[in-house]
Structure formats: C-alpha cells, structure tokens
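Read through the structure below, which is laid out as structure tokens, and then see the notes.
What you see is a predicted model, and the numbers here were worked out from it, not measured in a lab. When reading the values below, keep in mind they use all heavy atoms of this one structure, side chains included, and skip hydrogens, waters and symmetry mates.
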Amino acid sequence: QVQLVESGGGSVQAGGSLRLSCTLSGYTYSSYWMGWSRQTQGEEREGVACIDSDGSTNYADTGTGGFTISQDNAKNTLYLQMNNLKPEDTTMYYCAADTFRPLAGYCFSGRPNEQTTNYWGQGTQVTVSS
C-alpha cells in the first residue's frame with residue numbers, strides 16, 4: 001500500500017525558512033513523479049512544484065520564487081525548501097505522487113493533476129506571521 005507522510009510544517013516569521021519533507025512507502029520510489037500543492041480550506045488548490053524521477057522540475061508561475069523542490073531517492077523522500085516565506089504562504093501543503101503520466105500531463109504549472117493522481121498525503125500546516 002502506497003503511503004505519503006509529510007512533515008516539517010510549523011510556524012515561522014515572515015522572511016524565515018522551512019523545509020517540508022514527504023516520505024513515500026509501499027513502492028519503488030524511483031519510478032514515481034512527485035509534487036507539492038497547497039490549499040486553504042474553502043479556496044481552490046494551488047500548484048507549487050513537481051519533480052519527475054529524472055530530476056526534471058515544474059514550478060508554479062507565481063508565488064514560489066523562494067521555493068526549491070528536490071528528492072533523495074535513497075531515502076524515498078521528497079523535499080520542499082521554502083525561503084523568504086510570506087504571510088500569504090500560510091496554508092496546508094500536500095504531497096502527491098504517482099507512476100501514471102497521462103498524455104494530457106501530470107503536472108501543470110506546479111500543480112499535480114488532481115483528476116489522475118492517485119496518492120496524496122494528509123498535509124502539513126505552514127503558518128507565517130508578519
């Protein structure tokens with residue numbers, strides 16, 4: 001059974017940094033693409049970034065200038081380094097993963113395709129105070 005577990009969220013002051021982690025279990029990590037999205041309750045989900053097994057990345061067009069997505073295949077772990085955080089970055093961050101890569105695309109402007117992505121984590125809260 002594939003599971004994704006996020007960690008690393010928390011509270012930080014504006015201008016600070018956090019590193020989110022997402023650990024994948026239940027499948028061979030290297031065959032997956034993985035990504036991050038974020039969502040505040042009652043609002044539309046936003047893309048953050050995706051990374052494929054070959055290391056290629058896809059970021060949201062705006063709002064992720066201080067963010068870097070990376071992966072450690074040996075640890076089956078995805079990371080999101082977030083620097084220069086702003087209060088508007090306050091929300092829940094969700095990890096996603098799948099082996100399926102539809103012809104229409106699995107990630108659009110850093111947003112995992114919610115129609116075709118099967119595996120999601122429970123989310124980790126990030127709070128940035130001004």
Roughly how far, to the nearest 0.5 Å, is the [atom2] atom of [Y] from the [atom1] atom of [X]?
{"X": "Q71", "Y": "W33", "atom1": "CD", "atom2": "CH2", "result": "12.0 Å"}
{"X": "Q13", "Y": "T127", "atom1": "CD", "atom2": "OG1", "result": "12.5 Å"}
{"X": "S37", "Y": "M92", "atom1": "OG", "atom2": "CE", "result": "10.5 Å"}
{"X": "E114", "Y": "W120", "atom1": "CD", "atom2": "CH2", "result": "5.0 Å"}
{"X": "S53", "Y": "M34", "atom1": "OG", "atom2": "CE", "result": "11.5 Å"}
{"X": "E6", "Y": "L4", "atom1": "CD", "atom2": "CG", "result": "7.0 Å"}

What closest approach, in Å, do [X] and [Y] show between heavy atoms, and which atom pair accounts for it?
{"X": "D98", "Y": "N118", "value": "OD2-N, 2.7 Å"}
{"X": "M82", "Y": "L20", "value": "CE-CG, 3.7 Å"}
{"X": "P102", "Y": "T116", "value": "CG-OG1, 3.7 Å"}
{"X": "Y59", "Y": "F67", "value": "CE2-O, 3.5 Å"}
{"X": "G123", "Y": "Y94", "value": "CA-CD2, 3.6 Å"}
{"X": "S21", "Y": "T77", "value": "CB-CG2, 4.1 Å"}

Exercise. Under the side chain to side chain contact (heavy atoms under 4.5 Å, CB included) rule, what do F100 and T117 come out as? Steps first, then yes or no, please.
Key: CA-CA 7 Å; F100 183 47; T117 301; over 6 Å; no
Do [X] side-chain atoms and [Y] backbone N/O form a donor-acceptor pair below 3.5 Å?
{"X": "Q122", "Y": "V5", "result": "no"}
{"X": "N113", "Y": "G105", "result": "yes"}
{"X": "T40", "Y": "T91", "result": "no"}

Self-check item: Greater than 12 external heavy atoms within 6.0 Å of Q115's CD
Solution: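 Check fails, neighbour count at 12 or below.
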Quiz item: According to a 4.5 Å side-chain heavy-atom criterion applied to Ile, Leu, Val, Met, Phe, Trp and Tyr, with indirect links allowed, do V126 and Y79 form part of one hydrophobic cluster?
Solution: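 They do not share one cluster, since no chain of ILVMFWY contacts under 4.5 Å joins V126 to Y79.
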Please tabulate, one pair per line, all N/O donor-acceptor pairs under 3.5 Å involving side-chain atoms of residues 42-52, not counting sequence neighbours.
residue : atom : partner : partner atom : Å
E44     : OE2  : R111    : NH1          : 3.0
R45     : NE   : Q39     : OE1          : 3.1
R45     : NH2  : Q39     : OE1          : 3.0
E46     : OE1  : R38     : NE           : 2.9
D52     : OD1  : R101    : NE           : 3.3
D52     : OD1  : R101    : NH2          : 2.6
D52     : OD2  : R101    : NE           : 3.2
D52     : OD2  : Y106    : OH           : 2.7

Quiz item: When you look at Y32 and Y119, which way does the side chain to side chain contact (heavy atoms under 4.5 Å, CB included) test go after all the steps?
Solution: CA-CA 11 Å; Y32 273 76; Y119 306 111; 3.6 Å; yes
Exercise. Go through the structure and list residues passing side chain to side chain donor-acceptor pair (under 3.5 Å) with N58, not counting sequence neighbours.
Key: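 In terms of side chain to side chain donor-acceptor pair (under 3.5 Å), with neighbours along the sequence ignored, N58 is linked to no residue.
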Practice problem: Dump the intermediate steps for side-chain hydrogen bond (donor to acceptor under 3.5 Å, both in side chains) on S17 and N83, then the final yes or no. | Solution: CA-CA 4 Å; S17 298; N83 298 326; 2.9 Å; yes
Exercise. Any chance you could lay out the side chain to side chain contact (heavy atoms under 4.5 Å, CB included) test for Q125 and T90, step after step, and finish with the verdict?
Key: CA-CA 8 Å; Q125 175 69 38; T90 296; 4.0 Å; yes
